[in-house]
Asker: 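I have a structure I would like to understand better, so I am pasting it below and will then ask my questions one at a time.
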Amino acid sequence: MNTLKATALACTLGIAAISTPFSDACSRILYKGLDSTFIVGRSLDWKSPIPTNLYVYPAGMTKKSSDKEGAFSWTSKYGAVYAVGYDGGITEGMNEKGLVINGLFCKGTIYNNPETNGRPPLSLSVFIGWLLDMNSTTDEVVAVLKKHDFSIGGATFDGGTTSTLHWGITDASGKSAILEFDNGTLNIYDPGDYLAMTNDPQWPKMTAILDYWNNIGGSHMLPGTVSSPDRCVRANYFAHHVEAVADSDLAVSIARSILVNVCVPYTYLIQGEPNISSTQWRSYADLKNCRYYFDIVTNPGYYYIDLTKCNLKKGSPVMKLDTTKETHLIGEANHALKASEPFTPMY
């Protein structure tokens, strides 16, 4: 065995040792095009379908952080589209300024420690909403988060699953940040030239894996399993090796092709892994044109909400696209939005 093959084998075994089970296989990419074209794509992977509806909220709405004592309130500055799981918690979203935030599972997450216990409670169900409602850029989000003047937590779902998450943040300029909680300490990373994130391990260890594969190359060999590090390596490689274009429609198509390459095939099974996750849906946020695309894998097509055509002024109604009723949409789907009551957060 030559030195390169031996090193590759050692690295592969090391990756296998730190990889988590396949139960939480979400992926996120950033496609960088020309003329300020940026597309954020993400997949939502889970062992069973997670009902997810789209809500468009106007600016000027007053909301609260939790139903616990000491909770705080805010009045939104910006309108936004949210992807809401179980009609109870915001998984991700994009606001009218082209700021997008996506939550991905990360099993190493521990939100709180004794120092955070007395801080105002903030539910995971509205955490992304709070950030999108009040900020227009990644720098603004980072400045708010660095204060860490809250204690984050949330209800379980899907029979007792705890939402251990980390987040990718990108604004209309293409500037990004990654947010993680480590034993109650809030860590914020500038991903720089890395264009992908998945689940575990946490970001510092993941970058070491990405650097290893960047040195190998990728045109002749890439890791091919559905494990979190393998998916991240493939996504990062392809995001760097596709054409940069200015055509927004083509850019979304390119981002979609990258993301599909790292998704877990629907109904894919591995013997002895009963909780393996299949990709349930994908989204693509066009930050320049404020279009939010939604792509449910069992639907025949995918569609988008154009925020520039939504009434986001104070006093406008909340609008909802019920994805269980609208299964054959293709293209712009603003016409499928219906006036709705706000979703009820699962505090």
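This one's a predicted model, so the numbers in the text were calculated from it and none came from an experiment.
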Asker: Are any non-hydrogen side-chain atoms of Leu44 and Cys26 less than 4.5 angstrom apart?
Answerer: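 They are in side-chain contact.
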Asker: What are the two closest heavy atoms between Lys47 and Ser277, and how far apart are they?
Answerer: N-OG, 3.6 Å
Asker: Show the numbers, then the answer: is there a ring pair (Phe, Tyr, Trp, His ring centres under 6.0 Å) between Tyr303 and His335?
Answerer: CA-CA 11 Å; Tyr303 49 86; His335 65 277; 9.3 Å; no
Asker: Rounded to the nearest 0.5 Å, how far does CG of Asp45 lie from OG of Ser43?
Answerer: 4.0 Å
Asker: Report, as yes or no, whether the 6.0 Å neighbourhood of atom NZ on Lys63 holds more than 12 heavy atoms from other residues, nucleotides or ligands.
Answerer: yes
Asker: Identify which one of Thr207, Asn214, Asp211 satisfies the side chain to side chain donor-acceptor pair (under 3.5 Å) criterion when paired with Tyr194.
Answerer: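 Only one of Thr207, Asn214, Asp211 forms a side chain to side chain donor-acceptor pair (under 3.5 Å) with Tyr194, namely Asp211.
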Asker: At their closest point, which heavy atom of Leu259 faces which heavy atom of Gly41, and how far apart are they?
Answerer: CD2-C, 3.8 Å
Asker: Do you know the tightest heavy-atom contact between Val142 and Ala177?
Answerer: CG2-CB, 4.0 Å
Asker: Check the hydrophobic clustering (I, L, V, M, F, W, Y; side-chain heavy atoms under 4.5 Å; chains of links allowed) and say if Ile178 and Val262 are grouped together.
Answerer: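 In one cluster: yes.
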Asker: If I take atom NE2 from residue His166 and atom CE from residue Met206, how far apart are they, to the nearest 0.5 angstrom?
Answerer: 7.5 Å
Asker: Specify the closest pair of heavy atoms between Leu287 and Gly98, including all atoms of both residues, with the distance to one decimal.
Answerer: CD2-O, 3.6 Å
Asker: Just by distance, do the side chain of Ser278 and the backbone of Thr267 share a donor-acceptor pair under 3.5 Å?
Answerer: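 Yes, Ser278 side chain to Thr267 backbone: donor-acceptor pair under 3.5 Å.
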Asker: Have Thr323 and Asn53 got a donor and an acceptor in their side chains that come within less than 3.5 Å?
Answerer: yes
Asker: Hey, does Leu329 have a side-chain heavy atom less than 4.5 Å from the side chain of Leu321?
Answerer: yes
Asker: Side-chain contact test, heavy atoms from C-beta onward, threshold under 4.5 Å: evaluate it for Asp35 versus Lys288 and give yes or no.
Answerer: yes
Asker: Do side-chain atoms of Ser173 reach the backbone of Asp171 as a donor and acceptor pair under 3.5 angstrom?
Answerer: no
Asker: Quick one: which of Phe343, Tyr82, Phe294 gives a ring pair (Phe, Tyr, Trp, His ring centres under 6.0 Å) with Tyr55?
Answerer: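 It is Phe343, the one option of Phe343, Tyr82, Phe294 that forms the ring pair (Phe, Tyr, Trp, His ring centres under 6.0 Å) with Tyr55.
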Asker: When you group the ILVMFWY residues by side-chain heavy-atom contacts below 4.5 Å and let the links chain together, are Phe238 and Leu250 in the same group?
Answerer: yes
Asker: Would you say the side chain of Ile305 lies within less than 4.5 Å of the side chain of Asn334, judging by non-hydrogen atoms?
Answerer: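 Result yes, sub-4.5 Å side-chain heavy-atom pair found.
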Asker: Taking atom NZ of Lys320 as the centre, does the number of heavy atoms from other residues, nucleotides or ligands within less than 6.0 Å exceed 12?
Answerer: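 Yes - once you tally the heavy atoms of other residues, nucleotides and ligands closer than 6.0 Å, there are more than 12.
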Asker: Using only heavy-atom distances, determine whether the side chains of Tyr292 and Glu92 contain a donor-acceptor pair under 3.5 Å.
Answerer: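 A donor-acceptor contact under 3.5 Å links the two side chains.
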Asker: Got more than 12 heavy atoms from elsewhere within 6.0 Å of CD, Glu332?
Answerer: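 More than 12 within 6.0 Å, yes.
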Asker: Pairing donors with acceptors under 3.5 angstrom, does anything connect the side chains of Arg231 and Thr198?
Answerer: no
Asker: Could you go through Phe150 and His148, starting from their C-alpha distance and side-chain angles, then the distance that decides it, and tell me whether this counts as ring pair (Phe, Tyr, Trp, His ring centres under 6.0 Å)?
Answerer: CA-CA 6 Å; Phe150 54 84; His148 199 181; 5.2 Å; yes
Asker: Take Tyr293 and Arg282, measure what side-chain contact (heavy atoms from CB on, under 4.5 Å) needs, and give me the verdict at the end.
Answerer: CA-CA 8 Å; Tyr293 293 74; Arg282 295 174 284 259; over 6 Å; no
Asker: Would you find a donor on one side and an acceptor on the other, under 3.5 Å apart, between the side chain of Asn199 and the backbone of Ser228?
Answerer: no
Asker: Taking Asn112 for its side chain and Ile152 for its backbone only, find out whether a donor-acceptor pair lies under 3.5 Å.
Answerer: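 Checked: pair present.
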Asker: Ignoring hydrogens and geometry, is there a side-chain-to-backbone donor-acceptor pair from Asn236 to Leu195 under 3.5 Å?
Answerer: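 Yes, the answer is positive, given that a donor and an acceptor are paired below the 3.5 Å cut-off.
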Asker: Any donor and acceptor pair, going by atom type alone, linking the side chain of Asn95 with main-chain N or O of Asn135 inside 3.5 Å?
Answerer: yes
Asker: Taking all heavy atoms of Pro204 and all of Tyr189, pick out the closest pair and write down the distance.
Answerer: CG-OH, 3.4 Å
Asker: Honestly curious: do Met61 and Leu99 fall in one hydrophobic cluster under the side-chain, below-4.5 Å linking rule?
Answerer: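 Linked within one cluster.
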Asker: Any non-hydrogen side-chain atom of Ser76 less than 4.5 Å from a side-chain atom of Tyr57?
Answerer: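 No; the side chains remain at least 4.5 Å from each other.
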Asker: Measure from the side-chain N and O atoms of Ser66 to the backbone N and O of Ser123, and report whether any donor-acceptor pair falls under 3.5 Å.
Answerer: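 Checking the backbone N and O of Ser123 against the side chain of Ser66, no donor-acceptor pair under 3.5 Å is found.
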Asker: When you group the ILVMFWY residues by side-chain heavy-atom contacts below 4.5 Å and let the links chain together, are Leu179 and Val100 in the same group?
Answerer: yes
Asker: Are any side-chain N or O atoms of Tyr284 and backbone N or O atoms of Arg291, one a donor and one an acceptor, separated by less than 3.5 Å?
Answerer: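 Side chain of Tyr284 to backbone of Arg291, a donor-acceptor pair under 3.5 Å: no, none is there.
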Asker: Once you round to the nearest 0.5 Å, how far does CD1 of Ile296 lie from OG1 of Thr298?
Answerer: 6.0 Å
Asker: Do the side chains of Thr91 and Tyr86 get nearer than 4.5 Å, heavy atoms only?
Answerer: no
Asker: State, yes or no, whether a side-chain contact exists between Met134 and Val144 at a heavy-atom distance under 4.5 Å.
Answerer: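 With C-beta onward as the side chain, the pair stays apart.
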Asker: Between Thr185 and Asn183, do the side chains contain an N or O donor and an N or O acceptor separated by less than 3.5 Å?
Answerer: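 Note: Thr185 and Asn183 side chains miss the donor-acceptor criterion.
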Asker: Output, in order, the C-alpha distance, side-chain angles, deciding distance and verdict of side-chain contact (heavy atoms from CB on, under 4.5 Å) for Leu30 and Phe38.
Answerer: CA-CA 7 Å; Leu30 171 61; Phe38 299 101; 4.2 Å; yes
Asker: Using modelled atom types and a 3.5 Å cut-off, is there a donor and acceptor pairing between side-chain atoms of Thr116 and backbone atoms of Ser151?
Answerer: no
Asker: Cation-pi between Arg256 and Tyr302: NZ/CZ under 6.0 Å from ring centre and within 45° of the ring axis?
Answerer: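 Yes, Arg256 sits over the ring of Tyr302.
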Asker: Go through the steps to decide whether Trp281 and Arg42 satisfy the test side-chain contact (heavy atoms from CB on, under 4.5 Å), and finish with yes or no.
Answerer: CA-CA 9 Å; Trp281 53 260; Arg42 76 81 53 87; 3.5 Å; yes
Asker: Can you tell which of Asp200, Asp182, Thr164 makes a side chain to side chain contact (heavy atoms under 4.5 Å, CB included) with Thr109?
Answerer: Thr164
Asker: Donor-acceptor pair, distance only, cut-off 3.5 Å: does the side chain of Ser65 make one with the backbone of Pro121?
Answerer: yes
Asker: Any luck finding a side-chain donor-acceptor pair between Asn102 and Arg28 under 3.5 Å?
Answerer: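 Their side chains do contain a donor-acceptor pair, which is all the 3.5 Å distance test asks for.
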Asker: Which of these, Leu145, Thr137, Thr138, Asp139, sits in a side chain to side chain contact (heavy atoms under 4.5 Å, CB included) with Val141?
Answerer: Leu145
Asker: What class does the angle between the rings of Trp74 and Phe72 fall in, given that below 30° is parallel, 30 to 60° is tilted and above 60° is perpendicular?
Answerer: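 Trp74 vs Phe72 ring planes: tilted.
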Asker: Which heavy atom in Ile39 sits nearest to a heavy atom in Ala251, and how many Å separate them?
Answerer: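 Where Ile39 meets Ala251 most closely, the heavy atoms are CG1-CB, 3.9 Å.
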Asker: Is Tyr31 close to Ile254 at the side-chain level, that is, under 4.5 Å between some pair of heavy atoms?
Answerer: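 Yes, side chains in contact.
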Asker: Report the C-alpha distance between Tyr111 and Leu165 in whole Å, list the side-chain angles of each, state the deciding distance to 0.1 Å, and finish with yes or no for side-chain contact (heavy atoms from CB on, under 4.5 Å).
Answerer: CA-CA 9 Å; Tyr111 294 117; Leu165 304 172; 3.6 Å; yes
